[in-house]
Amino acid sequence: MKSFVFRLVLASVLLWSHQGCGWAADFAKVLTDSRNNISVKRWKLTSKEVGAGETGAPWSITKRTLAGGRQTGVEVIEVDNGAMKFTVVPTRGFSVWSLHAGDLRFGWDSPVREIVHPQFINLDTRGGLGWLDGFGGWMVRCGLESNGAPGKDGSQFLNLHGRIDYIPASRVEVLYEAKPVPRIVLRGIVEESLMFGPQLRLAAQISTVVGSKEILFEDTVTNLADVPQEMELLYHVNFGTPLIGAGAEFIAPVKTVAPRDARAAEGDINLWAQYQGPRPFGYTEQVYFLELQADRAGMTEVLLKSPDGKRGASMKFDINELPYFSLWKNEAPLKTGYVTGLEPATNFPNPRAQERAAGRVPKLQGGQSYRLQLTVSALTSMAEVGEAQRRIKTLEAARPVVNPSPRELD
Amino acid sequence: MKSFVFRLVLASVLLWSHQGCGWAADFAKVLTDSRNNISVKRWKLTSKEVGAGETGAPWSITKRTLAGGRQTGVEVIEVDNGAMKFTVVPTRGFSVWSLHAGDLRFGWDSPVREIVHPQFINLDTRGGLGWLDGFGGWMVRCGLESNGAPGKDGSQFLNLHGRIDYIPASRVEVLYEAKPVPRIVLRGIVEESLMFGPQLRLAAQISTVVGSKEILFEDTVTNLADVPQEMELLYHVNFGTPLIGAGAEFIAPVKTVAPRDARAAEGDINLWAQYQGPRPFGYTEQVYFLELQADRAGMTEVLLKSPDGKRGASMKFDINELPYFSLWKNEAPLKTGYVTGLEPATNFPNPRAQERAAGRVPKLQGGQSYRLQLTVSALTSMAEVGEAQRRIKTLEAARPVVNPSPRELD
Amino acid sequence: MKSFVFRLVLASVLLWSHQGCGWAADFAKVLTDSRNNISVKRWKLTSKEVGAGETGAPWSITKRTLAGGRQTGVEVIEVDNGAMKFTVVPTRGFSVWSLHAGDLRFGWDSPVREIVHPQFINLDTRGGLGWLDGFGGWMVRCGLESNGAPGKDGSQFLNLHGRIDYIPASRVEVLYEAKPVPRIVLRGIVEESLMFGPQLRLAAQISTVVGSKEILFEDTVTNLADVPQEMELLYHVNFGTPLIGAGAEFIAPVKTVAPRDARAAEGDINLWAQYQGPRPFGYTEQVYFLELQADRAGMTEVLLKSPDGKRGASMKFDINELPYFSLWKNEAPLKTGYVTGLEPATNFPNPRAQERAAGRVPKLQGGQSYRLQLTVSALTSMAEVGEAQRRIKTLEAARPVVNPSPRELD
């Protein structure tokens, strides 16, 4: 638990005041602000209006409100940075539904084909699995009070993966800065605040340099109360075709890896990082729990490599902030949710009581904050994939410990 | 179970492509399409715009969005075919709230006086009876994963009557064709699709010939997954005053009839098809389970006859598609939900495990479809009622088997 | 139970027909009417338009619809009567979120900082405590089928404090009358009507004389069914700073007082009416159950007095209508919901089965109504506070019975 102390930063509740970070945007627009009753339903900004920046690549930011079916009322912000397009969903906890870099898609074919509005979701249904009823996004946060399998923690019932993905953002701001490099920045505030419950505020920043194939998530979770509060945050980052399929591979500087349960321990444990392609009816998911090696600063990197090795997704993060990593393999039939999840987190997605006992649940004092960063890159050539592999290689100081059977990691 | 095989038709997922059915409308308008983000909130089409057709009867189709109370945001389509008016509710699973043919009403006086929006419904509340909190429609579908009493099926809890009545349509289209007879057609797509759950798509068509007193429901349920999926569908078609009251009668070519439970078995079983009028406080509902006789093609007909015999509702359907029929009698006090339900279905509304054991739960293979048709006619004269009675008579080859006590029909 | 008979008034279901009460407004505007599909989202009326009345004080009534976060879609009516401002929330059961008379605030700093829309609330979650997830208002009704702690009543599970605070009003009307004194009147109809459940209609009137510091609640609850129905109604009227803090006091003509449970019985029972100011982490709420003395007509008064004695809240009501009173003290840390609730009610907020056994649950016959009135005054000087204390003194005929340990009051 001691290491958490270093990760906890006492942050001002007045987050993102421009004075505070000494940063000035060349353009700023508030799209949503519940305190001042601002809600812009339809809006667009393009490089024509503010100048394309040094790179000259044209870009655009479009705010829309969806309609029809269970997506009625969902607000989305579509960003095109010239090299990538992605869709941020303020109504769904400021998550990202999908990202495209040319013909490389980050995302998956979920049975849930609409971006379901929280009004249609009951998190407690299906024995606490209601979170799945709208599960279809690419970058989805699980938390903030808890994540992981549903179940009891003392007398409290916790639903699968918490509430944050179904809370609409209270504040949304779009910024653009021309220098030092042209950059698009989206900021959202999502509050998980209840009477006689947690008061956790997520201040999420999503940014991308114009013309780049990289997206940066910078999150701060603050305990708004004046009493201590536990928190858990897991980034459920999901990939389907074309990235996975028979021959795809997960590559990471593994320190330890273990199957989550008997199901994950089936078959040859040495194939845990390999993909076989969609399995027949009857297949059920396999999850592996990992701890990773990192550089001296704590930075690590993982890679998902396509079957032909020409495409990939790279994720970089700090193991001081995100010390536990889960690999979720769901090689179900193609139309039944063929997907894998790369999941850096503050904890493993076990029941919270189990995580607490293992010392993996951060506790925030009143007013205290927890900062997290995650960088995801779209790799679109064999050269880029190779470079990522080499970077990961340099992080491997020790040989990985592979546990063939499920075991407690602590 | 074998007979289901014949009812299962492998249908293209690209349902209703106009090429596919070789059918061309004289007018077509998409009112809702979640995929293309189309949502027309207010719209009207009348016979003046497209011509009244051969019959010359004026007609209209009006789309509106309701406001106030628990109906806020509910979208309705009001159809007036010149002889009948009815209200289709895309927001509520493309059901029909009520129908009027002159002073003959199909519908009832529910304690639920607003068309409640799904956002205000929790299907799991009241021990899984939350479906009732918005129950007030005339033609309501129960399904698609399951219908019937709430309860456990293995480890899965199933709420009363499933989800489909509280899912908004993802696609709504209105069509009009002038020939061979002028006809109004409404089409809706409602998706009951969850991650790690069913992926059942309802493609519902509601049509009526201009100037007629007949409404035709043509539904197709498709399993969008590539793994097998069970389904259940029950048409909960509800009638109150003026059709029922002391002396009203249910008439059908009964093959077998049995009370559902001890309560339904109370009193003289021979009166199961008779109505007594509203009973005093303390009355509880009675349900009878029927199998029906049919013609060689499988077509059958049932009739609800008003006390004076001058009005009625006729329902025609195919017992290959809808082999099981429930008669729900709720002769409660007038302001407490005085109503009867005529309910053709794929199954009896028992817990699904019980229905599965009895071989009454269809299973769809991946991509497979199940088609169902139901025709309802408003009878507004003694002559029309008499004709329906004669048609039903011709279907009665054998004497009905009346079981005085509840028993398993298989 | 006999006394209830006198309180029960058979009222016409056609409530508030202007003919019925022989009362004519100088101005009337329907803002919401689900039956006639009226919904005015944005509207304003000021004294300029209709004349300021005899007092000459300017006033205004503003209807707005909120946006952003979990308050998206919430409709509010802001009333400024020249001396006080308050916010009525039709979307939340026609409750009042806050009231300000100059720098005196009625309301509190809830962890819930937005007026949460019912679409985001699941009353059954957290073991039936979901009501708290949007709890942040000043004058909140608990009921109508039940209020109090969640739990089973026979086979029926009842959530904390019932449904009425999360049902949007079906009808909202604003009226203004110039004589005998200029008065602003808001009327709302909220229906708690379910199939196979209660059919209780709340007809709520909120009025204030222009330029006064008094607000009057006149509620009528009607059983719309033709069968008997129990009801419970509790006014959860909540105050935080600046009214409470170390040295604040609750003053009432107490007949009996008893702690609700062992927790409330801790410490010196004689301090039950005193406030200590925010307590450290670990504090849990204390509740006291009271019966009050009243004048011959049944009218009583209670007072919440600020630490410096210069400000207060006075509540007047009839103990024939509201015979049971709860004092809720939640002297939690300041940012964790520092608040007290003054709660006149038809019952104590115990599980309904317990209240029924004690004869404290009114039962309405079909069509029968229950009327309730509550007057709240903002006291803004030592003189006004002193007058309230003197009025309360005159109601104290007998010495209060203080029960140091929890006990059944009957």
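Here is how names work: the chains are called A, B, and so on, in the same order as the sequence lines, proteins then strands, and each is numbered from 1. Predicted model only: the values in this text are computed from it and were never measured.
- When all heavy atoms of Gly68(A) and Thr32(B) are compared, the closest pair comes out as CA-CG2, 3.5 Å.
- Using modelled atom types, one side-chain atom of Asn37(B) and one backbone atom of Ala67(A) make a donor-acceptor pair closer than 3.5 Å.
- In this structure, the portion of Phe120(A) lying under 4.5 Å from any heavy atom of chain B is its side chain and not its backbone.
- Residue Lys41(A) qualifies as enclosed at atom NZ: its count of foreign heavy atoms under 6.0 Å is above 12.
- Proximity of Ile167(B) to Arg70(A): side-chain heavy atoms (C-beta onward) are separated by under 4.5 Å at one or more points.
- Between the side chain of Asn122(A) and the backbone N or O of Leu123(B) there is no donor-acceptor pair closer than 3.5 Å.
- With chain B as the partner, the residue from Asp133(A), Thr336(A), Val112(A) showing the most heavy-atom pairs under 4.5 Å is Thr336(A).
- When each of Leu129(A), Val116(A), Leu66(A), Ile115(A) is checked for heavy-atom pairs under 4.5 Å with chain B, Leu66(A) comes out on top.
- You'll find the side chain of Arg163(B) stays beyond 4.5 Å of the side chain of Thr125(A), heavy atoms only.
- Closest approach of Phe196(B) to Arg126(A), counting heavy atoms only: O-NH1, 2.9 Å.
- Interface check for chain B: of the options Pro280(A), Pro333(A), Gly282(A), Gly134(A), the most heavy-atom pairs under 4.5 Å are formed by Pro333(A).
- A heavy-atom distance below 4.5 Å is not found between the side chains of Asp226(B) and Tyr338(A).
- Between chain B and the residues Pro118(A), Pro278(A), Gly69(A), the most heavy-atom pairs under 4.5 angstrom are made by Gly69(A).
- Arg35(B) CZ: 12 or fewer foreign heavy atoms inside a 6.0 Å radius.
- Only the backbone of Ala169(B) comes within contact range of chain A, with heavy atoms under 4.5 Å apart.
- Between chain A and the options Gly197(B), Pro228(B), Ser155(B), heavy-atom pairs under 4.5 Å are most frequent for Pro228(B).
- Of the possible polar contacts, none joining the Glu191(B) side chain to the Arg113(A) backbone as a donor-acceptor pair under 3.5 Å is found.
- With hydrogens and angles disregarded, a donor-acceptor distance shorter than 3.5 Å links the side chain of Gln71(A) to the backbone of Ser34(B).
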